[in-house]
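Below, read A as the first sequence line, B as the second, and so on, with proteins coming before strands; counting in each chain starts at 1.
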Amino acid sequence: MVKLTQRLGGLVLRFAAFCAALGAVIAMITSRERSSFFVLSLVAKYSDLAAFKYFVIANAIVSVYSFLVLFLPKESLLWKFVVVLDLIVTMLLTSSLSAAVAVAQVGKRGNANAGWLPICGQVPRFCDQITGALIAGLVALVLYVFLLIVSIHHVVDPFLLRKS
Amino acid sequence: MAGGKTVVAGGNTKSWKLLLGLRIFAFMATLAAAIVMALNKETKTLVVATIGTVPIKATLTAKFQHTPAFVFFVIANVMASFHNLLMIALQIFSPKLEHKGLHVLSIAILDMLNATLVSAAANAAVFVAELGKNGNKHAKWNKVCDRFATYCDHGAGALIAAFAGVILMILVSGVSISRLLFNSNKFSTTKAPATETDVP
(Lines give C-alpha, C1' and ligand atoms only; values in the text may rest on other atoms or scores of the structure.)
Protein backbone atom coordinates (compact mmCIF):
# COMPACT_ATOMS: atom_id res chain seq x y z
CA MET A 1 0.00 0.00 0.00
CA VAL A 2 2.79 2.37 0.93
CA LYS A 3 4.69 1.25 -2.16
CA LEU A 4 1.75 2.03 -4.42
CA THR A 5 1.28 5.55 -3.08
CA GLN A 6 5.02 6.18 -3.36
CA ARG A 7 5.09 5.04 -6.95
CA LEU A 8 2.00 7.06 -7.81
CA GLY A 9 3.39 10.14 -6.08
CA GLY A 10 6.61 9.85 -8.04
CA LEU A 11 4.72 9.55 -11.33
CA VAL A 12 2.49 12.53 -10.57
CA LEU A 13 5.48 14.69 -9.63
CA ARG A 14 7.34 13.73 -12.77
CA PHE A 15 4.37 14.43 -15.00
CA ALA A 16 3.91 17.83 -13.33
CA ALA A 17 7.60 18.62 -13.85
CA PHE A 18 7.28 17.61 -17.52
CA CYS A 19 4.31 19.97 -17.93
CA ALA A 20 6.10 22.83 -16.18
CA ALA A 21 9.26 22.50 -18.27
CA LEU A 22 7.26 22.22 -21.49
CA GLY A 23 5.22 25.28 -20.50
CA ALA A 24 8.39 27.27 -19.87
CA VAL A 25 9.73 26.36 -23.32
CA ILE A 26 6.51 27.24 -25.10
CA ALA A 27 6.03 30.52 -23.23
CA MET A 28 9.52 31.67 -24.06
CA ILE A 29 9.44 30.62 -27.71
CA THR A 30 6.18 32.40 -28.44
CA SER A 31 7.29 35.68 -26.87
CA ARG A 32 7.90 38.14 -29.63
CA GLU A 33 6.95 41.76 -29.76
CA ARG A 34 7.47 44.62 -32.10
CA SER A 35 7.53 48.15 -30.79
CA SER A 36 8.16 51.36 -32.65
CA PHE A 37 10.28 54.01 -31.04
CA PHE A 38 9.91 57.18 -33.14
CA VAL A 39 11.18 56.00 -36.54
CA LEU A 40 13.05 53.01 -35.22
CA SER A 41 11.24 49.76 -34.79
CA LEU A 42 12.51 47.26 -32.30
CA VAL A 43 11.64 43.60 -32.48
CA ALA A 44 12.23 41.79 -29.21
CA LYS A 45 12.72 38.05 -29.57
CA TYR A 46 13.96 35.53 -27.03
CA SER A 47 16.90 34.59 -29.28
CA ASP A 48 18.49 38.02 -28.93
CA LEU A 49 19.87 37.05 -25.56
CA ALA A 50 22.10 34.02 -25.14
CA ALA A 51 20.82 33.27 -21.66
CA PHE A 52 17.26 32.84 -22.94
CA LYS A 53 18.43 30.47 -25.68
CA TYR A 54 20.21 28.39 -23.04
CA PHE A 55 17.04 28.42 -20.92
CA VAL A 56 14.94 27.12 -23.82
CA ILE A 57 17.43 24.38 -24.69
CA ALA A 58 17.86 23.26 -21.07
CA ASN A 59 14.12 23.10 -20.38
CA ALA A 60 13.52 21.25 -23.64
CA ILE A 61 16.08 18.61 -22.62
CA VAL A 62 14.45 18.35 -19.19
CA SER A 63 10.95 17.88 -20.61
CA VAL A 64 12.09 15.16 -23.02
CA TYR A 65 13.96 13.39 -20.19
CA SER A 66 10.95 13.54 -17.85
CA PHE A 67 8.70 12.16 -20.54
CA LEU A 68 11.04 9.21 -21.10
CA VAL A 69 11.45 8.42 -17.40
CA LEU A 70 7.67 8.37 -16.97
CA PHE A 71 7.66 5.04 -18.80
CA LEU A 72 10.45 3.36 -16.85
CA PRO A 73 9.17 0.14 -15.21
CA LYS A 74 9.38 -0.09 -11.47
CA GLU A 75 11.82 -2.95 -11.05
CA SER A 76 14.26 -1.90 -13.71
CA LEU A 77 17.97 -1.72 -12.89
CA LEU A 78 18.18 1.72 -14.45
CA TRP A 79 16.83 3.49 -11.36
CA LYS A 80 20.34 3.92 -9.96
CA PHE A 81 21.25 5.66 -13.20
CA VAL A 82 18.10 7.79 -12.85
CA VAL A 83 19.37 9.15 -9.52
CA VAL A 84 22.53 10.49 -11.17
CA LEU A 85 20.60 11.80 -14.15
CA ASP A 86 18.10 13.51 -11.87
CA LEU A 87 20.95 15.33 -10.14
CA ILE A 88 22.41 16.43 -13.48
CA VAL A 89 19.00 17.59 -14.70
CA THR A 90 18.38 19.55 -11.49
CA MET A 91 21.71 21.30 -11.94
CA LEU A 92 20.84 22.05 -15.58
CA LEU A 93 17.49 23.52 -14.53
CA THR A 94 18.90 25.65 -11.77
CA SER A 95 21.77 27.00 -13.83
CA SER A 96 19.54 27.89 -16.79
CA LEU A 97 16.95 29.53 -14.54
CA SER A 98 19.52 31.55 -12.65
CA ALA A 99 21.21 32.76 -15.85
CA ALA A 100 17.87 33.76 -17.41
CA VAL A 101 16.78 35.57 -14.24
CA ALA A 102 20.11 37.45 -14.04
CA VAL A 103 19.81 38.66 -17.63
CA ALA A 104 16.10 39.44 -17.32
CA GLN A 105 16.83 41.51 -14.23
CA VAL A 106 19.30 43.57 -16.25
CA GLY A 107 16.63 44.01 -18.91
CA LYS A 108 14.05 45.13 -16.39
CA ARG A 109 16.09 47.50 -14.25
CA GLY A 110 19.02 48.27 -16.48
CA ASN A 111 22.45 48.86 -15.05
CA ALA A 112 23.07 52.51 -14.28
CA ASN A 113 26.80 52.03 -13.77
CA ALA A 114 27.35 50.49 -17.17
CA GLY A 115 25.00 52.85 -18.97
CA TRP A 116 22.53 50.10 -19.92
CA LEU A 117 18.93 51.23 -20.21
CA PRO A 118 16.07 48.92 -19.28
CA ILE A 119 14.10 47.62 -22.23
CA CYS A 120 10.94 46.53 -20.44
CA GLY A 121 9.33 49.94 -20.79
CA GLN A 122 9.28 49.58 -24.56
CA VAL A 123 8.19 45.96 -24.83
CA PRO A 124 5.98 45.25 -21.78
CA ARG A 125 4.16 42.22 -23.18
CA PHE A 126 7.45 40.53 -24.05
CA CYS A 127 8.67 41.12 -20.51
CA ASP A 128 5.50 39.68 -19.00
CA GLN A 129 5.72 36.54 -21.08
CA ILE A 130 9.38 36.05 -20.18
CA THR A 131 8.43 36.43 -16.51
CA GLY A 132 5.78 33.74 -16.94
CA ALA A 133 8.30 31.40 -18.57
CA LEU A 134 10.75 31.95 -15.71
CA ILE A 135 8.07 31.20 -13.12
CA ALA A 136 7.26 27.93 -14.92
CA GLY A 137 10.98 27.11 -14.87
CA LEU A 138 11.05 27.75 -11.12
CA VAL A 139 8.11 25.40 -10.59
CA ALA A 140 9.91 22.70 -12.62
CA LEU A 141 13.03 23.19 -10.49
CA VAL A 142 11.17 22.84 -7.18
CA LEU A 143 9.41 19.70 -8.44
CA TYR A 144 12.74 18.24 -9.53
CA VAL A 145 14.28 18.82 -6.11
CA PHE A 146 11.45 16.72 -4.65
CA LEU A 147 11.87 14.17 -7.43
CA LEU A 148 15.56 13.81 -6.55
CA ILE A 149 14.64 12.81 -3.02
CA VAL A 150 11.97 10.44 -4.36
CA SER A 151 14.47 8.76 -6.71
CA ILE A 152 17.00 8.31 -3.95
CA HIS A 153 14.28 6.76 -1.84
CA HIS A 154 13.40 4.41 -4.66
CA VAL A 155 16.94 3.04 -4.76
CA VAL A 156 18.01 3.24 -1.15
CA ASP A 157 15.78 2.90 1.85
CA PRO A 158 17.32 5.24 4.38
CA PHE A 159 14.29 5.55 6.62
CA LEU A 160 13.73 1.78 6.65
CA LEU A 161 10.12 2.11 5.56
CA ARG A 162 10.03 -1.15 3.67
CA LYS A 163 9.57 -4.11 5.94
CA SER A 164 11.07 -6.88 3.78
CA MET B 1 30.55 1.16 -9.53
CA ALA B 2 32.18 -2.26 -9.23
CA GLY B 3 33.16 -3.71 -5.90
CA GLY B 4 36.57 -2.11 -5.60
CA LYS B 5 35.54 0.11 -2.70
CA THR B 6 35.08 -1.35 0.72
CA VAL B 7 32.34 -0.56 3.19
CA VAL B 8 31.90 2.94 4.43
CA ALA B 9 32.77 2.57 8.07
CA GLY B 10 35.14 5.53 8.24
CA GLY B 11 38.83 5.25 8.83
CA ASN B 12 41.17 4.95 5.89
CA THR B 13 39.09 3.29 3.19
CA LYS B 14 39.61 4.27 -0.43
CA SER B 15 36.38 6.21 -0.81
CA TRP B 16 37.10 8.17 2.37
CA LYS B 17 40.48 9.31 1.06
CA LEU B 18 39.04 10.14 -2.36
CA LEU B 19 36.24 12.17 -0.81
CA LEU B 20 38.62 14.08 1.44
CA GLY B 21 40.93 14.92 -1.45
CA LEU B 22 38.07 16.08 -3.68
CA ARG B 23 36.59 18.19 -0.90
CA ILE B 24 39.90 19.93 -0.23
CA PHE B 25 40.24 20.86 -3.90
CA ALA B 26 36.60 21.99 -4.11
CA PHE B 27 37.08 24.13 -1.00
CA MET B 28 40.15 25.79 -2.51
CA ALA B 29 38.46 26.40 -5.86
CA THR B 30 35.29 27.97 -4.45
CA LEU B 31 37.24 30.06 -1.94
CA ALA B 32 39.56 31.34 -4.69
CA ALA B 33 36.58 32.26 -6.87
CA ALA B 34 34.88 34.15 -4.02
CA ILE B 35 38.02 36.04 -3.02
CA VAL B 36 39.07 37.03 -6.55
CA MET B 37 35.60 38.32 -7.39
CA ALA B 38 35.19 40.11 -4.07
CA LEU B 39 38.43 42.02 -4.56
CA ASN B 40 37.60 42.89 -8.14
CA LYS B 41 37.65 46.65 -8.56
CA GLU B 42 39.01 49.04 -11.14
CA THR B 43 39.02 52.81 -11.24
CA LYS B 44 39.62 54.84 -14.37
CA THR B 45 39.47 58.50 -15.29
CA LEU B 46 37.93 58.93 -18.68
CA VAL B 47 37.38 61.97 -20.80
CA VAL B 48 33.65 62.40 -21.02
CA ALA B 49 33.26 65.61 -22.97
CA THR B 50 35.25 68.53 -24.24
CA ILE B 51 34.22 72.14 -23.78
CA GLY B 52 36.34 74.29 -25.98
CA THR B 53 39.81 73.03 -25.31
CA VAL B 54 39.20 71.85 -21.75
CA PRO B 55 38.51 68.12 -21.47
CA ILE B 56 36.12 67.11 -18.73
CA LYS B 57 37.23 64.00 -16.92
CA ALA B 58 35.11 61.71 -14.85
CA THR B 59 36.31 59.00 -12.55
CA LEU B 60 34.43 55.79 -13.07
CA THR B 61 34.76 52.68 -10.95
CA ALA B 62 33.87 49.17 -11.90
CA LYS B 63 33.04 47.16 -8.80
CA PHE B 64 31.49 43.76 -8.42
CA GLN B 65 28.68 45.21 -6.32
CA HIS B 66 27.27 47.01 -9.35
CA THR B 67 25.96 43.74 -10.76
CA PRO B 68 23.54 41.63 -8.67
CA ALA B 69 24.65 38.46 -10.46
CA PHE B 70 28.20 38.95 -9.20
CA VAL B 71 26.99 39.63 -5.66
CA PHE B 72 25.08 36.33 -5.78
CA PHE B 73 28.25 34.70 -7.17
CA VAL B 74 30.37 35.85 -4.21
CA ILE B 75 27.76 34.89 -1.61
CA ALA B 76 27.14 31.44 -3.13
CA ASN B 77 30.84 30.62 -3.38
CA VAL B 78 31.42 31.69 0.20
CA MET B 79 28.55 29.44 1.33
CA ALA B 80 29.84 26.49 -0.69
CA SER B 81 33.39 26.84 0.61
CA PHE B 82 32.07 27.07 4.17
CA HIS B 83 30.05 23.89 3.58
CA ASN B 84 33.15 22.11 2.25
CA LEU B 85 35.20 23.26 5.24
CA LEU B 86 32.56 21.96 7.62
CA MET B 87 32.41 18.61 5.83
CA ILE B 88 36.20 18.27 5.85
CA ALA B 89 36.27 18.94 9.57
CA LEU B 90 33.45 16.44 10.11
CA GLN B 91 35.25 13.81 8.08
CA ILE B 92 38.58 14.20 9.83
CA PHE B 93 37.39 14.52 13.40
CA SER B 94 34.58 12.01 13.62
CA PRO B 95 35.14 8.93 11.46
CA LYS B 96 33.29 6.66 13.84
CA LEU B 97 29.86 8.24 13.35
CA GLU B 98 29.74 7.49 9.65
CA HIS B 99 27.78 4.28 9.70
CA LYS B 100 24.42 5.68 10.79
CA GLY B 101 22.06 5.87 7.83
CA LEU B 102 20.54 9.32 8.33
CA HIS B 103 23.97 10.90 8.78
CA VAL B 104 25.23 9.70 5.41
CA LEU B 105 21.93 10.64 3.73
CA SER B 106 22.04 14.20 5.03
CA ILE B 107 25.64 14.60 3.89
CA ALA B 108 24.67 13.40 0.40
CA ILE B 109 21.68 15.76 0.20
CA LEU B 110 23.69 18.76 1.44
CA ASP B 111 26.41 18.02 -1.11
CA MET B 112 23.86 17.92 -3.91
CA LEU B 113 22.26 21.19 -2.79
CA ASN B 114 25.61 22.95 -2.63
CA ALA B 115 26.65 21.60 -6.03
CA THR B 116 23.46 23.05 -7.53
CA LEU B 117 24.03 26.36 -5.72
CA VAL B 118 27.55 26.79 -7.07
CA SER B 119 26.48 25.82 -10.58
CA ALA B 120 23.63 28.35 -10.51
CA ALA B 121 25.91 31.15 -9.31
CA ALA B 122 28.65 30.40 -11.84
CA ASN B 123 26.18 30.25 -14.70
CA ALA B 124 24.41 33.49 -13.85
CA ALA B 125 27.74 35.30 -13.54
CA VAL B 126 29.05 33.94 -16.83
CA PHE B 127 26.01 35.02 -18.83
CA VAL B 128 26.05 38.53 -17.38
CA ALA B 129 29.82 38.71 -17.97
CA GLU B 130 29.26 37.71 -21.60
CA LEU B 131 26.82 40.62 -21.89
CA GLY B 132 29.48 42.93 -20.53
CA LYS B 133 32.13 41.60 -22.87
CA ASN B 134 30.18 41.56 -26.10
CA GLY B 135 27.34 43.97 -25.46
CA ASN B 136 24.00 43.43 -27.10
CA LYS B 137 23.12 45.46 -30.14
CA HIS B 138 19.43 44.53 -30.04
CA ALA B 139 18.99 46.09 -26.64
CA LYS B 140 21.58 48.79 -27.35
CA TRP B 141 23.81 47.84 -24.44
CA ASN B 142 27.42 48.67 -25.10
CA LYS B 143 30.49 46.74 -24.03
CA VAL B 144 32.21 47.37 -20.74
CA CYS B 145 35.32 45.28 -21.26
CA ASP B 146 37.08 47.51 -23.74
CA ARG B 147 37.45 50.20 -21.11
CA PHE B 148 37.92 48.14 -17.97
CA ALA B 149 40.20 45.38 -19.17
CA THR B 150 41.72 44.43 -15.80
CA TYR B 151 38.29 44.16 -14.19
CA CYS B 152 37.20 41.78 -16.93
CA ASP B 153 40.35 39.69 -16.68
CA HIS B 154 40.06 39.22 -12.94
CA GLY B 155 36.40 38.40 -13.33
CA ALA B 156 37.26 35.78 -15.93
CA GLY B 157 39.77 34.21 -13.55
CA ALA B 158 37.16 34.03 -10.80
CA LEU B 159 34.70 32.40 -13.21
CA ILE B 160 37.23 29.76 -14.26
CA ALA B 161 37.89 28.92 -10.60
CA ALA B 162 34.15 28.70 -9.99
CA PHE B 163 33.62 26.29 -12.88
CA ALA B 164 36.45 24.11 -11.62
CA GLY B 165 34.63 24.21 -8.27
CA VAL B 166 31.39 23.14 -10.00
CA ILE B 167 33.04 20.07 -11.56
CA LEU B 168 34.66 19.15 -8.25
CA MET B 169 31.38 19.58 -6.37
CA ILE B 170 29.63 17.28 -8.87
CA LEU B 171 32.32 14.65 -8.25
CA VAL B 172 31.97 15.11 -4.48
CA SER B 173 28.20 14.59 -4.72
CA GLY B 174 28.74 11.52 -6.86
CA VAL B 175 31.09 9.96 -4.31
CA SER B 176 28.69 10.86 -1.45
CA ILE B 177 25.77 9.21 -3.26
CA SER B 178 27.82 6.09 -3.92
CA ARG B 179 28.78 5.93 -0.25
CA LEU B 180 25.09 6.19 0.58
CA LEU B 181 24.31 3.29 -1.77
CA PHE B 182 27.04 1.10 -0.30
CA ASN B 183 26.04 1.96 3.23
CA SER B 184 22.46 0.99 2.55
CA ASN B 185 23.50 -2.28 0.87
CA LYS B 186 25.42 -3.18 3.97
CA PHE B 187 22.35 -2.60 6.11
CA SER B 188 19.77 -4.23 3.90
CA THR B 189 21.67 -7.51 3.60
CA THR B 190 21.91 -8.00 7.36
CA LYS B 191 18.46 -8.97 8.63
CA ALA B 192 19.20 -7.63 12.10
CA PRO B 193 16.35 -6.34 14.30
CA ALA B 194 16.52 -2.86 15.76
CA THR B 195 18.02 -3.88 19.07
CA GLU B 196 21.37 -5.06 17.67
CA THR B 197 24.02 -2.45 17.07
CA ASP B 198 26.34 -2.82 14.13
CA VAL B 199 30.05 -2.96 14.74
CA PRO B 200 32.07 -1.14 12.07
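Interface residue B:L131: backbone and side-chain heavy atoms are both found under 4.5 Å from chain A. In this structure, no portion of B:L60 lies under 4.5 Å from any heavy atom of chain A. For B:V166, the part sitting under 4.5 Å from any heavy atom of chain A is the side chain, from C-beta outward, and nothing else.
Ranked by heavy-atom pairs shorter than 4.5 Å toward chain A, the options B:S119, B:A69, B:A115 are led by B:S119. Ranked by non-hydrogen atom pairs under 4.5 Å with chain B, the options A:V123, A:V84, A:L117 are led by A:L117. Note on A:L148, A:N113, A:T94: by heavy-atom pairs under 4.5 Å with chain B, the leading option is A:N113. Chain B forms the most heavy-atom pairs under 4.5 Å with one residue out of A:L87, A:V103, A:V83, A:I119, and that residue is A:L87. Residue with the most contacts toward chain A among B:T67, B:T61, B:N142, B:V144: B:N142 (heavy-atom pairs, distance under 4.5 Å).
A distance of 10.0 Å separates CG in B:L117 from CE in A:M91, rounded to the nearest 0.5 Å. For the atom pair A:Q105 CD and B:F72 CZ, the distance stands at 12.5 Å (nearest 0.5 Å). The line from CD1 of A:I149 to CE of B:M112 is 7.5 Å long, rounded to the nearest 0.5 Å. Summarising the geometry, atom NE2 belonging to B:H138 is positioned 5.0 Å from atom NZ belonging to A:K45; distances are rounded to the nearest 0.5 Å. Atom CZ of A:F52 and atom CZ of B:F127 lie 10.5 Å apart (nearest 0.5 Å). Separating the CG atom in A:L93 from the OG1 atom in B:T116 is a distance of 11.0 Å, to the nearest 0.5 Å.
Taking every heavy atom of both residues into account, A:A99 and B:N123 meet most closely at CB-O, 4.0 Å.
Cluster annotation: B:I88 and B:L86 are assigned to distinct hydrophobic clusters (Ile/Leu/Val/Met/Phe/Trp/Tyr, side-chain heavy-atom contacts under 4.5 Å, transitive). B:F82 and B:M37 fall into different hydrophobic clusters, where Ile, Leu, Val, Met, Phe, Trp and Tyr are joined by side-chain heavy atoms under 4.5 Å apart, directly or via other members. A continuous path of Ile, Leu, Val, Met, Phe, Trp and Tyr side chains, each step under 4.5 Å between heavy atoms, connects B:L85 with B:L171, placing both in one hydrophobic cluster. If you chain together hydrophobic residues whose side chains sit under 4.5 Å apart, B:F73 and B:V36 never meet in one group. Hydrophobic clustering (ILVMFWY, side-chain heavy atoms < 4.5 Å, transitive): B:L19 and B:I24 are in one cluster.
Atom CZ of B:F163 has more than 12 heavy atoms from other residues, nucleotides or ligands within 6.0 Å. Under a cut-off of 6.0 angstrom, the local environment of NZ in B:K44 is crowded, with over 12 non-hydrogen atoms contributed by other residues, nucleotides or ligands. Heavy atoms of other residues, nucleotides or ligands lying less than 6.0 angstrom from CE of B:M79 number 12 at most. Counting heavy atoms of neighbouring residues, nucleotides and ligands inside a 6.0 Å radius, atom CZ of A:R7 exceeds 12 of them.
The backbone N or O of B:A120 sits less than 3.5 Å from a side-chain atom of A:S98, completing a donor-acceptor pair.
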Take A:W116 and B:N136 through the test side-chain contact (heavy atoms from CB on, under 4.5 Å) and record every step on the way to the result. CA-CA 10 Å; A:W116 291 345; B:N136 190 315; over 6 Å; no
